[in-house]
Trainee: 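Dropping a structure here in structure tokens format, bear with me for questions.
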Amino acid sequence: MAESAAEDLIRAPDSAAIKDAADILRAGGLVAMPTETVYGLAADAANDRAVAGIFAAKGRPRFNPLICHVAGVEAAEKLVHIPAPARALIAAFWPGPLTLVLEKRADCPVSELASAGLSTLAIRQPAHPVAQALLREIDRPLAAPSANRSGRISPTSAAHVRDDLEGAVGMILDGGPCPVGIESSIIAITGDRLFLLRPGSVTAGDIAAKTGLMVDAPDGDGAIVAPGQLQSHYAPKAGMRLDAREARAGEILIGFGPIFDDPSFNLSPSGDLVAAAARLFALLRKADALGPKTIAVAPVPEHGLGLAINDRLRRAAAPRTV
Ligand code: TXA
Ligand code: MG
């Protein structure tokens, strides 16, 4: 029996699928790959047309640069300069959900479009075995933003990717739900200072504990920012109300800990932030699909991974710019 188009699009990540995915990428096409954080929409980072295809598929503004995914530190060394603090971070956290913004080498082969003309490049080695297998197979850096339409909720399953990008992506490698669930922490390094551009599951506390390095929040004039940290982001179709203690008329309440309406809409009944991060985007999508006027969300504590969860919730609730 012929498989349906949707089944062809979403593939179990066996070695045949990984090889086919690498062929699509070598030919300049797009492949969605699971990472430990969220699904990424990957293209050959050195191929201008392929990278342009990412911006087109996502409807992403061209000023917003992409993260390059590499198989390891050796591959990274061909793209960027790696000063001592970056080396310490790589030793402590790669492979894993930590992106570093570093100065590009003069001979960096990555498309100018991927770095949006900046002198820096954002780079990480993902920990997910499927992303790693694909990077090993293709043996070149992959530019990969989150595999959602620009401004919308990031995808943590193959079905989320299909819902946003069917018709625009050549293959979706299905690695199941993403274990971390929110995007990587982004650290920019200038001189010997570290700036947190986007909070994620690797926190400033983790960095201090493992490397002794102190992280600054971006501050003041001329501070480096991630161009993609637009205020409105992760936006569901519904409105958002944060710090909610109950559902009002027309609302669905996404609970946390003891504050909830419906147990199937609770980020974590036991108040576990790791579990809450892993479910955040899936629950936002599930609530939005029911078409409520407003999605209300219970308070999440402002520490550890809660900082990254609240960052995403505030952007989801921000006045819409897209
Ligand atoms: O976990 C993740 O990081 C996921 C997975 C797929 O790896 N990727 C991801 O990519 O979240 P994206 O494109 O959705 O977010 C990348 C962020 C954007 O806010 C962008 O502005 C910032 O990284 N960025 C990229 N290059 C940069 C640079 N050279 N300087 C400052 N910020 C940069
Ligand atoms: Mg994104």
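All ligand and atom numbering here is 1-based and tracks the order in the structure. In what follows, every heavy atom counts, from backbone to side chain, and hydrogens, waters and symmetry copies are set aside. Note that the structure is a prediction, hence the values are computed from the model and not measured.
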Trainee: Check whether any side-chain heavy atom of Ile186 sits under 4.5 Å from a side-chain heavy atom of Leu196, and report yes or no.
Mentor: no

Trainee: Can you run down the side chain to side chain donor-acceptor pair (under 3.5 Å) pairs that involve residues 19-31, sequence neighbours left out, and say none if there aren't any?
Mentor: Arg11-Asp20, Asp23-Arg26

Trainee: Out of all atoms in ligand 1, which are within 4.0 Å of some heavy atom of Thr120? Include the element for each.
Mentor: 28 (C), 29 (N), 30 (N)

Trainee: Classify the side-chain pair Lys104/Ser119 by whether it contains a donor and acceptor separated by less than 3.5 Å.
Mentor: no

Trainee: Using side chain to side chain donor-acceptor pair (under 3.5 Å), reason through Ser146 and Asn148 one step at a time and then give a plain yes or no.
Mentor: CA-CA 6 Å; Ser146 51; Asn148 52 280; 2.6 Å; yes

Trainee: Does His69 have a non-hydrogen atom less than 4.0 Å from ligand 1?
Mentor: yes

Trainee: With atoms numbered from 1 as shown, which atoms in ligand 1 lie under 4.0 angstrom from a non-hydrogen atom of Gly40?
Mentor: 6 (C)

Trainee: Taking Pro83 as the fixed residue, which of Asp192, Ile189, Thr190 is the one that meets the side chain to side chain contact (heavy atoms under 4.5 Å, CB included) rule?
Mentor: Ile189

Trainee: Which bit of Ser184 is near ligand 1, meaning a heavy atom under 4.0 Å away: side chain, backbone, both or neither?
Mentor: both

Trainee: Regarding ligand 1, does Asn64 bring an N or O atom to under 3.5 Å of one of the ligand's N or O atoms?
Mentor: yes

Trainee: Below 3.5 angstrom, do we get any N/O pair linking Tyr39 and ligand 1?
Mentor: no

Trainee: Could Asp163 and Arg149 be called an ion pair, given the rule that one side-chain N must be under 4.0 Å from one carboxylate O?
Mentor: no

Trainee: Would Thr37 count as a polar contact of ligand 1, with the cut-off being nitrogen or oxygen pairs under 3.5 Å?
Mentor: yes

Trainee: Please confirm if an N, O or S atom belonging to Asn148, backbone or side chain, lies less than 2.8 Å from the Mg ion (ligand 2).
Mentor: no

Trainee: N/O of Ser146 under 3.5 Å from N/O of ligand 1, yes or no?
Mentor: yes

Trainee: Would you say the side chain of Ile54 lies within less than 4.5 Å of the side chain of Pro145, judging by non-hydrogen atoms?
Mentor: yes

Trainee: Are any of the heavy atoms in Glu36 under 4.0 Å away from ligand 1?
Mentor: no

Trainee: For atom 15 (O) of ligand 1, which candidate among Arg198, Glu183, His233, His128 holds the nearest heavy atom?
Mentor: Arg198

Trainee: With a 4.0 Å cut-off on heavy atoms, is Ser115 touching ligand 1?
Mentor: no

Trainee: Kindly identify the option in Leu41, Ile186, Leu142 whose heavy atom sits closest to atom 23 (O) of ligand 1.
Mentor: Ile186

Trainee: Considering the options Lys286, Arg152, Arg312, which one meets the side chain to side chain contact (heavy atoms under 4.5 Å, CB included) requirement together with Phe281?
Mentor: Arg312

Trainee: Answer with side chain, backbone, both or neither: which part of Lys104 has a heavy atom less than 4.0 angstrom from an atom of ligand 1?
Mentor: neither

Trainee: Run Arg314 and Glu302 through salt bridge (Lys or Arg N to Asp or Glu O under 4.0 Å) and show every step you take.
Mentor: CA-CA 12 Å; Arg314 279 193 287 269; Glu302 283 280 0; 2.8 Å; yes

